[in-house]
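Please read the structure below before turning to the comments.
For this chain, numbers begin at 1 and follow the sequence in order. We count ligands from 1, going down the list as the structure has it; atoms in each ligand are counted the same way.
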Amino acid sequence: MSTTTSNAEIYSPRKVLQHPEFRILSPGEKPSSDANIAAFYNPAHEIHLVQKPRPKPGPGQVLLHVRATGICGSDVHFWQHGRIGDSMVVTDECGSGHESAGQVAEVGPGVTQWKVGDRVAIEAGVPCSQPVCDACRTGRYNACPDVVFFSTPPFHGTLSRWHLHPAQWLHRLPDNVSFEEGALCEPLAVALAGIERSGLRLGDPLLICGAGPIGLVTLLSARAAGAEPIIITDLFQSRLDFAKKLVPGVHTVLIKRESTPKEQAEEIKKAADGPLKLALECTGVQASIHTAVYSMQFGGKVFIIGVGKNEQVFPFMHLSTNEIDVSFQYRYCNQYPKAIRLVAGGLINIKPLVTHRFQLENAVDAFHVAADPAQGAIKVQIQD
Ligand SMILES: NC(=O)c1ccc[n+]([C@@H]2O[C@H](COP(=O)([O-])OP(=O)(O)OC[C@H]3O[C@@H](n4cnc5c(N)ncnc54)[C@H](O)[C@@H]3O)[C@@H](O)[C@H]2O)c1
Ligand SMILES: OC[C@H](O)C(O)[C@@H](O)CO
């Protein structure tokens, strides 16, 4: 029997909440410049700054000064809706953020690969890494049932000034990759996992549904992987304009809510000059998945990265009589080193995605901007 302390115990959210130094800051209160502040949401759909103790790294751990964190749609969703699906539910105060990069501030006993000052991207999903875990043992660690995914309830996120992390779940940033880009490696890892598992090949005609941050990093990755032509859809012209600026060769199709998925598919096929081989679906919305299905050639594939309603209806007979495969992506595994190489090597330029930057003290304002579509943000980052 293993006597190892589990990650769930090491990173116990209750330890933080019950610590005498943990408190919710009053609006307008100015914490000291090195206080361990963080943005927390709760089941009452409030979001506020909290002050936590500055932790000491234990064996195998590193204390990081978090320098950049992007706000993900899931952070906003947990705050405003209190849950994603049936298994991720906000039941207490919970810290946000999992798209982070930072700098090593202290190393714990036994840590030899990092030294103070090293710059790193933080992989926020920490699987159990136990030999008895099939998912970890076989390398598909995104399936680990005991994963601590920082910012998915109950585990607090990486959006704080000081964050404790296992040394082996950090990735070195080369000098030409900024903290901002290091933080963007998280959504990029999602897209790269999708590119890898969908089997996208050079010259494949590709549909990307949705031009949000995930659709856009998917667009950049698919362009680097040689898809041609690429059609991207969205409900908002502003998002399509952003996509076109990012990758000038992309074809855009504005989705009108009043048109049917079959009509939308006709428009997409016209833009592509024929049916497409692959769709990377980045909305999780049923109507968009249907549009993707009707846009495919015989033997095509709809690869769904977006997440959506618990139960959805699919056009079964069209899928069946056209041998269209449907596959899904759940987070990612083994993608960070690749993401960093692609950014450092100049194959993927993710810098333009950051449209808004806030200081850590103003993290609550950052959340309000990220949650308000009228603000036109693509990626809001909090920097320290
Ligand atoms: N599989 C994973 O591990 C994973 C990881 C991260 C995010 N996600 C999911 O990926 C999806 C995209 O994330 P995001 O951050 O870009 O979200 P987002 O909400 O910012 O972007 C989604 C985009 O899709 C567009 N859209 C909505 N309905 C549409 C339709 N019918 N047709 C075309 N476009 C439509 C929206 O206008 C928006 O621009 C979300 O569902 C998110 O939860 C999945
Ligand atoms: O936990 C909820 C979501 O699966 C994750 O936050 C995802 O956005 C990671 O990329």
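In this structure, atom 8 (N) of ligand 1 lies nearest to the protein heavy atom I305 O, 3.9 Å. Here the heavy atom of the protein found nearest to atom 21 (O) of ligand 1 is G212 CA, 3.4 Å. The single protein non-hydrogen atom nearest to atom 7 (C) of ligand 2 is H98 NE2, 4.0 Å, given as residue, atom name and distance. With respect to atom 3 (O) of ligand 1, the closest heavy atom belonging to the protein is R331 N, 2.6 Å. Scanning all protein heavy atoms for the shortest distance to atom 16 (O) of ligand 1 gives I214 N, 2.9 Å. Looking only at protein heavy atoms, the nearest one to atom 5 (C) of ligand 2 is R331 NE, 3.9 Å. In this structure, atom 43 (O) of ligand 1 lies nearest to the protein heavy atom V307 CG2, 3.0 Å. Nearest protein heavy-atom neighbour of atom 28 (N) of ligand 1: L235 CD1, 3.4 Å.
Shown in contact with G306 at under 4.0 Å from a heavy atom are these atoms of ligand 1, numbered in order with element: 9 (C), 10 (O), 11 (C), 41 (O). Set against the non-hydrogen atoms of T233, the atoms of ligand 1 under 4.0 Å away are 33 (C). Within ligand 2, the atoms closer than 4.0 Å to a non-hydrogen atom of V190 are 10 (O), numbered from 1 in the order shown. Interface of M88 with ligand 2, defined as ligand atoms under 4.0 Å from a residue heavy atom, comprises 1 (O), 2 (C). Which parts of ligand 1 touch V285 is read off a 4.0 Å heavy-atom cut-off, strictly below it: atoms 28 (N). In the vicinity of R239, heavy-atom distances shorter than 4.0 Å reach the ligand 1 atoms 18 (P), 20 (O), 21 (O), 38 (C), 39 (O). Within ligand 1, counting atoms from 1 as listed, the ones closer than 4.0 Å to a heavy atom of F236 are 37 (O). Within the listing of ligand 2, atoms 6 (O), 8 (O) sit less than 4.0 angstrom from a heavy atom of S74. Here is the list of ligand 2 atoms found below 4.0 Å of a heavy atom in C72: 8 (O). Less than 4.0 angstrom separates some heavy atom of T152 from each of these atoms of ligand 2: 1 (O), 2 (C).
A cation-pi geometry, defined here as NZ or CZ lying under 6.0 Å from the six-membered ring centre and within 45° of its normal, does not hold between R197 and F303.
Taken together through direct or relayed side-chain contacts under 4.5 Å among Ile, Leu, Val, Met, Phe, Trp and Tyr, I195 and V343 form part of one hydrophobic cluster. Residue L360 is not grouped with residue W162 when hydrophobic side chains (ILVMFWY) are merged at heavy-atom distances under 4.5 angstrom, including chains of intermediate members.
There is no protein heavy atom closer than 4.0 angstrom to atom 19 (O) of ligand 1.
Residue contacts with ligand 1 for P213 involve both N, CA, C or O and side-chain atoms from C-beta outward (heavy atoms, distance under 4.0 Å). Both the backbone and the side chain of T283 come within 4.0 Å of ligand 1, judged by heavy-atom distances. If you look at D234 next to ligand 1, the close heavy atoms, those under 4.0 Å, come from the backbone and the side chain alike.
Below 3.5 Å of separation, one finds no N or O of G284 facing any N or O of ligand 1. When only interatomic distances are considered, the shortest N/O to N/O separation between Y330 and ligand 1 does not fall below 3.5 Å. For ligand 2, the polar-atom distance check finds an N/O of E186 within less than 3.5 Å of one of the ligand's N/O atoms. For ligand 2, none of its N or O atoms has an N or O atom of Y332 under 3.5 Å away.
Aromatic pair F40/F22: centroids less than 6.0 angstrom apart. Aromatic rings of W79 and H45 (six-membered ring for Trp) have centroids beyond the 6.0 Å cut-off, not under it. If you look at Y41 and H48, their ring centroids are not closer than 6.0 Å. Centroid-to-centroid, the aromatic rings of H98 and F150 stay 6.0 Å apart or farther. H156 has its ring centre no less than 6.0 Å from the ring centre of Y11.
Using a 4.5 Å heavy-atom threshold, the side chains of H251 and I230 count as separate.
Judged by distance alone, the side chains of E186 and Y332 do bring a donor and an acceptor atom under 3.5 Å apart. For E9 and S6, the side-chain atoms include at least one donor-acceptor pair closer than 3.5 Å. For the 3.5 Å distance criterion, the side chains of Q312 and K309 fail to qualify, holding no donor opposite an acceptor.
Results of the salt bridge (charged side-chain N to carboxylate O under 4.0 Å, His left out) test with E266 over K270, K269, K262 single out K269 as the only residue that passes. With E180 as reference, R357 is the one residue of K351, R119, R357 to meet the salt bridge (charged side-chain N to carboxylate O under 4.0 Å, His left out) rule.
Counting only distance, with no hydrogens or angles, the side chain of K244 and the backbone of V250 share a donor-acceptor pair below 3.5 Å.
Using a non-hydrogen distance threshold of 4.0 Å, E99 does not register as a contact of ligand 2.
For atom 22 (C) of ligand 1, the choice among S288, A191, C282 with the nearest heavy atom turns out to be C282.
Counting non-hydrogen atoms of neighbouring residues, nucleotides and ligands closer than 6.0 angstrom, the NZ atom of K15 exceeds 12 such neighbours.
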